[in-house]
Amino acid sequence: MTARLTGSTALITGSTSGIGRATADALAGLGAHVIISGRDKARGEAAVAQIRAVGGKADFIAADLLLSSGARSLAEQAAAVTGRIDILINNAGIYSFGSTAEVTEEAFDRMYNINVKAPYLLVGALAPHMADRGSGAIVNISTGITVKGNALAGLYGSSKAAINLLTKSWAAEYGPRGVRVNTVSPGPTYTPGTQAMGEGAIESFTVGTPAERVGQPHEIASAVAFLVSDEASFVHGANLAVDGGFAAV
Ligand code: NAP
């Protein structure tokens, strides 16, 4: 049987770690040629080697999405690997928490450059080509915290709230030409990024949630895999919470 994504090429940003890496593994497992990206060459090459070792197709392109030039160059280089990008996962993201008065202008710009501007530039560079071909799928990785007022998460939450609206705007813009754009909003998930927040930090977000536990990256990746597959052919502009019920209560 041919795997569901055979013949397609997927660019997953931030796939040297955590949710992005699990997503790359999942899409490669479904037959996609995956483009791994991030700043860290060693982690990127390790991800590529692991996918190739089990018969998958993968390449690594280093990119710093803090810079507009990094996003533009990633789009160009990624499209050159097989000649097309059919699937774009805007996963690379940073999260930090703090009071509004303490956030520096530099930290503000960093958050918005990586979490909002880079996806915006990547969609602008890649979605028109998908639309010209009449097919494509984009998934933006957001967060459940966008639906809550959290005293220390205004900056991070607002950057992802922007992505939530952009998903709907892009669904309206590109959907009529065959490109489906959706959001996945993870809840607290074990990743190298959240482990670095310190002991007990990620667990603290699960208190009172229906699942009462932290998620694993593969649980987020399987939702992304569904949304980019033909099984989600009628799903446009949706925001799928994969969060153990974090946003529901
Ligand atoms: P992570 O383990 O910290 O990994 C972040 C990824 O983003 C890495 O691959 C990193 O690659 C890349 N990245 C960071 N800064 C970059 C830059 N300047 N240029 C290019 N790539 C950059 O993160 P994660 O926990 O898996 O989170 C992934 C996404 O899920 C984020 O958008 C996050 O906001 C969202 N999310 C996570 C959780 C959670 O609990 N984990 C919950 C809700 C939403 P390099 O280090 O190689 O550059």
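This chain uses plain numbering: 1 for the first residue, then up along the sequence. Order of listing sets the numbers, starting from 1, for every ligand and every atom in it. Values below: all heavy atoms of this structure, side chains included; hydrogens, waters and symmetry mates excluded. None of the values given here were measured: they were computed from a predicted structure.
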Exactly which residues line ligand 1, taking a heavy atom under 4.0 Å from it as the test?
Gly14, Ser15, Thr16, Ser17, Gly18, Ile19, Gly38, Arg39, Asp40, Arg43, Ala63, Asp64, Leu65, Leu66, Asn91, Ala92, Gly93, Ile94, Tyr95, Ile114, Ile141, Ser142, Thr143, Tyr156, Lys160, Pro186, Gly187, Pro188, Thr189, Thr191, Pro192, Gly193, Thr194, Ile202
Would you say Asp86 and Ser8 are linked by a side-chain donor-acceptor pair, where the criterion is simply a distance under 3.5 Å?
no
For Thr9, is there any backbone N or O sitting under 3.5 Å from a side-chain donor or acceptor partner on Arg84?
no
Is the backbone of Thr146 close enough, under 3.5 Å, to the side chain of Asn164 for a donor and an acceptor to pair up by distance?
no
Side-chain donor-acceptor pairs of residues 239-249 under 3.5 Å, sequence neighbours excluded:
from	atom 1	to	atom 2	distance (Å)
Asn239	OD1	Ser185	OG	2.8
Asn239	ND2	Ser185	OG	3.4
Asp243	OD1	Gly245	N	2.9
Asp243	OD1	Phe246	N	3.4
Asp243	OD2	Phe246	N	3.4
Asp243	OD2	Ala247	N	2.8

In a table with atom names and distances, give each donor-acceptor pair under 3.5 Å that connects a side chain of residues 92-102 to protein atoms at least two apart or in another chain.
from	atom 1	to	atom 2	distance (Å)
Tyr95	OH	Thr191	OG1	3.4
Tyr95	OH	Thr194	N	3.1
Ser99	OG	Glu102	OE1	3.2

Residues which pass salt bridge (charged side-chain N to carboxylate O under 4.0 Å, His left out) with Arg72, listed by chain and number, not counting sequence neighbours:
none
